[in-house]
Amino acid sequence: MDFNLTEERQMLQDSLRRFLGDKYNTENRNGFIASERGFSPDVWHELAELGMIGALFDAADGGFGGAGFDLAVLFEELGRAGAVDPLLETGVLAGGLLAALGNGVQKTLLGEVIAGSVQLALAHGEPAARYDLNFVETSAQESGDGWVLNGHKAVVLNGGAANKLIVSARSSGAVGGDDGISLFLVDAKSAGIERRSYGTLTGGHSADIRFNDCKLPADALLGQAGGALPALETAHARAILAICAEALGAMETAKDLTIEYLKTRQQFGRPIGKFQVLQHRMADVLIEIEQARSAVINAAGHLEDGDRDLHISAAKNLIGRVGRQVAEEAIQLHGGIGMTQEYDLAHFAKRIVLIDHLFGDTDHHLERFIALGAA
Amino acid sequence: MDFNLTEERQMLQDSLRRFLGDKYNTENRNGFIASERGFSPDVWHELAELGMIGALFDAADGGFGGAGFDLAVLFEELGRAGAVDPLLETGVLAGGLLAALGNGVQKTLLGEVIAGSVQLALAHGEPAARYDLNFVETSAQESGDGWVLNGHKAVVLNGGAANKLIVSARSSGAVGGDDGISLFLVDAKSAGIERRSYGTLTGGHSADIRFNDCKLPADALLGQAGGALPALETAHARAILAICAEALGAMETAKDLTIEYLKTRQQFGRPIGKFQVLQHRMADVLIEIEQARSAVINAAGHLEDGDRDLHISAAKNLIGRVGRQVAEEAIQLHGGIGMTQEYDLAHFAKRIVLIDHLFGDTDHHLERFIALGAA
Amino acid sequence: MDLKFSIKEEEFRAEVRGFLDEKLPERLSEKVRLGQGLTKAEMEEWHAILNHRGWLAGNWPAQYGGAEWNAVQRHIFEEETTSAHAPRIVPFGLAMLGPVLQAFGSDAQKAHYLPRILNGDDWWCQGYSEPGAGSDLASLKTRAVREADHYIVNGQKTWTTLGQYANMIFCLVRTDTECKPQAGISFLLIDMKTPGITVRPIRLLDGSIEVNEVFFDDVKVPVENLVGEENKGWTYAKFLLTHERTNIAGVGFSNAALVALKQVARLQMSGGKPMIENPHFAARIARVEIDLMAMATTNLRVISAAARGQAPGAESSMLKVKGTVIRQEINDLTRRVMGPYAVPFTSEALEEGDNREPVGPQQAATAAPQYFNNRKLSIFGGSNEIQRTIITKAILQL
Amino acid sequence: MDLKFSIKEEEFRAEVRGFLDEKLPERLSEKVRLGQGLTKAEMEEWHAILNHRGWLAGNWPAQYGGAEWNAVQRHIFEEETTSAHAPRIVPFGLAMLGPVLQAFGSDAQKAHYLPRILNGDDWWCQGYSEPGAGSDLASLKTRAVREADHYIVNGQKTWTTLGQYANMIFCLVRTDTECKPQAGISFLLIDMKTPGITVRPIRLLDGSIEVNEVFFDDVKVPVENLVGEENKGWTYAKFLLTHERTNIAGVGFSNAALVALKQVARLQMSGGKPMIENPHFAARIARVEIDLMAMATTNLRVISAAARGQAPGAESSMLKVKGTVIRQEINDLTRRVMGPYAVPFTSEALEEGDNREPVGPQQAATAAPQYFNNRKLSIFGGSNEIQRTIITKAILQL
C-alpha cells in the first residue's frame, strides 16, 4: 500500500502545475474561451512540447504513460488550473480509441496527436442516447468496398476544432444492442458531413454533426466491424477517470479560493471565516473533497482490473454529488462575488457542475453501480 | 381560505392539551409503557369520558366529529403530549372500519368503543406484506354457513390489549390482487387464535397473531365478501393523517425541548444557543416543522375529496423525511442527555422515527405519489 | 380550517385569467416560458398593458393609482401571472420605492414620482449593497455631505440589478459618521444622468448582464431628493425590505418551473424510456413537488395571517430560505434532465429571440445558465444565512 | 501509488484469519452478528483468547507485552476481526489507559497495572465527562484536594461507559482552581471499591444500560495513584484522545453492518420482490456503499501516513465525522428495511441470548434499538460539531 506518487509522476505534476500556473488566469481563460476554437492553440502546442499528450499514451504507442495514475495526476492539474485544452477529447477519447483499435497505418496519426499537430474528436453520443453507450442509431451501410454513414451525433466535444473524427455507427444489430457498433476514422471536412459548432459554458467548441450519405473508404474502419463497444467502454472508463480527477483539481481550487475569501472578507467587523456556520460548512466541504480524492484513487488503481466499472461508476457518482455541494457552497460562501464571471471561482464552479453532464451523471452511474453489484 | 380552527375544535384542543398535560410526564409515561398493556386503562377511560373517542366518529355513528381536521387536532395533541393510548388502533383503524362496513347489529359495538369499554385492533398486515394493503395471504374459506380463517398477521397494533379484532383474509383472488379481501369481526379469545404479544419502543402492546382453522359464524363478516379493500384504504388514509398529525405534535415538543435546552445549557461559558451553528440547524428544524404542518393541513383538507391519496402520500413522505431530521437534530443538539430514557426527549424522538414504520414509510409513499401522479 | 378560496376570490382569479388570455402577448410569454431574457422595451410593454388595466401596482392604495389588493388577491394575481408565463413586474419602483415614498415621502415627492413609476417615465434601480457591505448593510461607506441646498455623494454601489436600464436610483448613503453605524444613514433619490455617475455592468457566471456597479464621484443631489428625515434611512430601508418580501417564497415561479420540468422529463429519453419514468429521476421530481405542495400552503398561511393584519416576522425568512431551496432544486433538476445537451452554451438563445433552430431540446440552452444564475436567490436580498439567523434569534431570544 | 497490500501484510492477514477461524467461538460471533449485547464474562473470555495469542494489545510495545503492530497491521487486524464478527476489544484499559501509563506513568504504575490490564485482573473505565462538562472538558469541576499522602475527591462523572463492570477508573480531576481552566487538571487512578463511590446506571433511549454516573463523596485516593505530574492532566488527556481515535472511522464496523444490511435486503420482500431490487432502496444502499468505499481509502491514506510517522491532525476529525455519518446511515437503512417489524421491542433479544423464536426476521429486534443507540456516535468522544471546528480551525487559522 503506497499513496505516494512515483518520482516521474511527481515531476509531471510539478512541471504541469508550473506551466499552467503561468498560462492561466481569469482574464486569459475567458479570452481563450471566447476565441475561435474555445481554447488557445499556443497553449496546446506548448503542452504537446512538454510531453503532456504523450503522457496519455503508453510506450508502445509512442507515449510514456497512459496508466490510471498518469491520467489522474495530469487531469487533476488541468482541473486545478481551470485549463480548457482538449486533452480529454483528442488524447483520451479519440486518441485512446485510435491506439486501442487502429492498424499500423491508422496509428501513424498518433504521432501527430502526441506532437500536438492534429485535433481529434469522438462523435459518438446521439440526441436520444443520453448516457447509454450502446444507443447508436447512426447507420453504417456497406457499399461497394466502402461505407455510407447516415445519422446525427450530438454534443461532440471538441467537434468544432477537430481535424479528424472517430465516428460510431451501427453496421448491424438493433438500436440499444451491444453488438453491431463500428468505429470509423473520418476527415472532419469529408463530403456529407454537416457540422454545427458552438461554445460551451466552460470552454472548447462542441458540435452537433450530421452525416448525410457520407461515403467512406473501406480503410476508414477502425478495428472489427460491429465489435467496437468494449473499446468504447474502455475509452469512456478512462475518460471518466480523467474528468473525475479534473473535477477533483477544480474542487481543490474552489476550496482554496473560498478559504482565502473566508480569511480576508470582512463582515460585521471580522473576517467571515470567524462565523461558525461558515466554518462548519467548510469543514464538510473539506471532508467531501478528501472523499472525492479517495474515489479518484480507487478508480485509477482499478482502471485495469476486473473491478474497473464498479470503481468508475462509484467515482462518477460520488464526484457528481460532492461536486454539486462544493460548487454551490463555494458560491454561497463567497456571496455575490462568487456569481461574477470576472472572478476566478465562476469557471471552476461551472466546470465542476458540467462534468456531471459528461459520460453519465451521478444518477446514471448510481444505477450502473447497482446493476454491476447485482450482476 | 381560512387557517383557523373552529371554536369547537379549539375547545377540543384546549381540553385535550390540558388533560394530557396533567397525565403525562416522563415518569408516568415510562410507567404506562412498562405496564401490563403498554398504556394506562385509567387514562383511556378518562379520555373516553372527555369525548375524545367520540371525536373520531361522526354523528351518525354516535360521535361528534370524524372529519379530517378533527383527527388532525386530536392526534397533534396526543403527539405533543407523547400519549401512548390506542386511539389510533381502536378508534381510527378498527373503529373506522366498523363504522364504515358494519351492519346494524355489528355497529352496536361502536357505543362501547366510544364509551371506552372495549379495545379493538385491526389484524391486517402480514410478514411478507410490508406496506402493501392488498397483500393478503391469510385465507377465509366458506364452511357450512360460516368461515374458517388460516394465516399469520404481523405486528397487529394494540393486538395485545384488544378484546375484538377486525381480521382481513382472502376469500377469493390471488395474493396481491385488489379483489377478494374480506373483513371479519372476531373475538380475540376465539378458538384457533394464537397471540404472541410484545411491547414496542414507544408504548402499547402489539402482537403477531396466528389463525389456525379458526371457525367463525356467518355474521362475523363485515360488509361484502371480497370487497373490503376500498374501506381498508380509507381507514388507512385516515390513520396516516392521524399519525402524521401525531408526528407533528411530537416534533413540536422535540423542538420546544431543544429550544429550552439551547437557552439553558452552558458550554464554553455561554448558553449553547449562542453558537451560530446550532442556531442555523435549529432554523432548518423550525422551517421543516412548518412544512410538516402544511402537509398535515393539506392531507386533512383533502381527506374526503379525489386528491386524498396524493395528499396523504405527500404528507407521509414529507413527515418521514422531516421527522428523521427533527428527531436526529433534537438528539444531536442535546448531546448525551438526549440519549437517555429518563429525559423526555427520548420518547418523542423514538415515536417520530417509528411512525415512519407505520402504514408505509417515506419511500413507500414517494413511490405511491409517483404512481398516482403518473396515473 | 378551509383550504378553498372564497367565491369572490375565485371570481377575481377568473377575471385575472381572462385578462391574461386576452392581453398577454404570446411573443412575451413564450420567451418567459423558455427562460429567455426580455429586452427593456418588452418589460416596459408589459408594464404598460398592466397599467392600462390599473393592475400594475397591486399593492398600492387606490389614492396613488394602485389596485389596493389584499394579500390573498396579490397571491392569486401572482399565481395566475406566473403560470401564464407573464413577465415579472420589475420591482424596484413598484414594489420597493413606491411603498417607501407613500409612507415617508414628501407630498411633492409623491406627486412627482408615483405617477411616473406607473407610467413608465422613470426606471428605478436600487443602491443598497456596496463592495464592503453585502449582508452587513450597516457598514456602508458611500458618503453624502450636505452643502447648502444639495448633497455631494461619493462612493460606490454594487449588485444594482438592471441598473443599466435605469434613469433613477434610490440609495442608502452615510450622512453621519460619528454615530452608531445604523444611525447615520439617509435615503436619497438620485438622477442617474447627474454628472459624476458611472455604471459598469458586471457579467455573471452564466454570461448574463443584470447587475451593475454604480460609481459616484462628487455627484450633486438636491436636498429635496432626501426621503423623510436625514439619518433615518435605516428605518425606511427596513420597511422596504419587508415589502420586498411579499412574494418571497416564489411559489408561482416554482410551480411554473416544475410544470416545465415535467414536460421536458416526458420528452427526454433514457434507455428507451422518458426520464419521468426513471425511478431515480421521478423520485427527485416527486420530492421537490411534495416540498412545493407544502410550501404553497405554508405561504398561504402566512398570506392569510397577513390579510388579517398580522405582520410576518420570522415567517418571511422561513419562506425565503425554503422557497429559494425549492426553486434552486427545480433549476438543478432542469439542468440534469437535459443530459449532454446542458453543455452547449448558445448565448444568443438567452438574451434575444433566437431564430435558429435550437441545439437540443427546447429549453436546453437556458437550463444550465438558469441553474447557475439562480444561485443568486440564496445570496441576494438577504442571504439565507442572514435569514436563518433572523429565524433563530426571533425564537431563542438569547 | 499502489492500492495493494504487501506480501508480508497479506501473510499477516492470513494469519489473523486463520486464528479467527480456529479460536473465535461461534457462540460469541453469532451474538455480535445479530447485534446482541455481550455479558461481561463473554467480553473477558474473548480478551483472554487474544491475550493467550499475544494479540490483545496490538498497539502496545513488545516490552509491555504488546504485539507492537504498525498502523497497517492494526488496520488489517481490525478489518478481519470486524468482518468475522469478533467482539470488540474493550478499549478503556488497552487502547486508552495503557498508552498513557507507558508514556507518563511511574515505573511502579507500569509494573503493577499493565500486566493486570492484559490479564483481565482490572476492568477500567473512563472518568472524563461531567454533567456540566461534556464537549467542554476544560470546565470540569470534580475536585481532588491533597491531604498528606492522599487526595480527597469530590464530584461527579457521567457517561462512564461500562462503568457498571469496572473495578478501576481513571479520572480527570481539578487539583488547582486558581489557574486557567486547563492548567489545574490532574490524572488520577481510582479504585472503584474505595468508600464514597457510587455508580448509578443510566438507561439509554434504546433501553440499554451501557453508561453510568459515578459519584465521589470524600473518596480517599493515595498520591501514588497520580499519573505524571500534578496539574498536567490535560496534556495526558489530549494524548489519550489521539490514541482513542486510531480506529475512529469505524470502517470495519460499517463494512460488517453493510454486509448484514444487504443480506436482510435480499430476504425482506416488498410488492413480491426483495427490497434490494427496489430502486429507491437500492439507491440508498448504493450511495452509502460508495461513500464507504471512498472512506475505506481515506482511512488507509491516513493510516499509511501514520505508518510513516506522520501524526494525524485534522484528518482524524474528518474520519470521525464522515465515519459516524456513514455508520449511522447504515443503521438507518437497517431499521428501514425491517418495515413494520422494526416496531416490536423485545428487550430480551438484545441483552442475553434469547431462546424464543424471534418476532419477524433475524436482526429485526435489534435494528431500531441499534439505530437509536448509535446516535451516540456523533455525540460521544468529541461531538461532530467539535470535530468540524477542529477541522476548520486547522485550515483557516483565524
Side-chain angles (χ1 to χ4, degrees), chain B residues 30 33 125-132 135 154-155 157 175-176 196 198-202 204 206-208 265-269 272 275 277-278 281 324 327-328 331-343 345-347 349-350 353-354 356-364 366-367, chain D residues 129 131-136 138-139 158-159 181 202-209 211 268-272 275 278-281 283-284 328 332 335-348 356-357 359-361 365 368-369 371-373 375-376 378-380 383-385 388-389:
Chain B
N30 285 341
I33 291 174
E126 301 189 359
R130 201 171 171 89
Y131 301 122
D132 291 327
F135 190 100
V155 197
L157 303 177
V175 173
R196 177 168 173 194
Y198 40 76
T200 80
L201 272 173
T202 56
S206 296
D208 270 40
R265 168 72 168 175
Q266 304 273 325
Q267 289 254 57
F268 302 102
I272 59 173
F275 290 95
V277 142
L278 307 189
R281 283 161 60 179
R324 181 184 174 195
E328 293 184 355
I331 291 174
Q332 186 71 24
L333 297 185
H334 271 86
I337 188 79
M339 294 280 305
T340 65
Q341 199 156 79
E342 58 208 61
Y343 180 68
L345 177 65
H347 176 76
K350 287 187 286 185
V353 171
L354 281 191
D356 196 40
H357 290 264
L358 301 182
F359 319 137
D361 67 5
T362 190
D363 283 352
H364 175 87
L366 192 73
E367 283 186 61
Chain D
S129 295
S135 291
D136 177 19
S139 70
T158 191
W159 312 129
I202 301 172
R203 198 173 281 277
L204 292 185
L205 80 175
D206 63 328
S208 70
I209 290 180
V211 292
Q268 283 291 91
M269 303 297 284
S270 173
M275 279 297 286
N278 175 292
H280 305 291
F281 199 74
R284 288 186 187 272
Q328 291 176 332
D332 178 74
R335 75 159 172 87
R336 276 175 203 268
V337 78
M338 298 303 174
Y341 271 123
V343 172
F345 179 59
T346 47
S347 57
E348 65 277 12
R356 302 209 301 165
E357 194 199 340
V359 174
Y371 160 80
F372 288 113
N373 185 283
R375 298 314 306 169
K376 75 186 172 197
S378 47
I379 296 173
F380 294 165
S383 73
N384 282 10
E385 287 72 34
R388 287 197 182 88
T389 297

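Every chain is numbered from 1 and lettered A, B, ... according to where its sequence line falls, protein lines coming before strand lines. FYI, side chains are in, hydrogens and waters are out, and symmetry mates aren't considered; it's all heavy atoms of this structure.
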Test side chain to side chain contact (heavy atoms under 4.5 Å, CB included) applied to B:Tyr343 and D:Ile202, step by step: CA-CA 10 Å; B:Tyr343 180 68; D:Ile202 301 172; over 6 Å; no
Best-contacting candidate, [options], against chain B by heavy atom pairs under 4.5 angstrom:
| options | answer |
| --- | --- |
| D:Arg284, D:His280, D:Arg335 | D:Arg335 |
| D:Phe380, D:Phe372, D:Tyr371 | D:Phe372 |
| D:Gln328, D:Arg388, D:Met275 | D:Met275 |

Shortest non-hydrogen separation from D:Gly271 to B:Asp132 and the atoms involved: N-OD2, 3.0 Å
Over all atoms of both residues, closest heavy-atom pair of B:Met339 and D:Asn373: CE-O, 3.2 Å
Exam field: side chain B:Arg130 to backbone D:Val337, donor-acceptor pair closer than 3.5 Å: yes
Side-chain (B:His357) to main-chain (D:Gly339) donor-acceptor, under 3.5 angstrom: yes
Given heavy-atom pairs under 4.5 angstrom as the criterion, report whether the side chain, backbone, both or neither of [X] touches chain B.
| X | result |
| --- | --- |
| D:Pro361 | neither |
| D:Ser139 | neither |
| D:Met338 | backbone |

salt_bridge(D:Arg203, B:Glu342) N-O dist < 4.0 Å: no
B:Asp361/D:Arg336 ion pair, N-O < 4.0 Å: no
Spatial distance of atom NZ (D:Lys376) from atom CD (B:Gln332) [nearest 0.5 Å]: 14.0 Å
D:Val343 and B:Tyr198, any side-chain heavy atoms less than 4.5 Å apart: no
Heavy-atom check, side chain of B:Ile331 versus side chain of D:Ile379, under 4.5 Å: yes
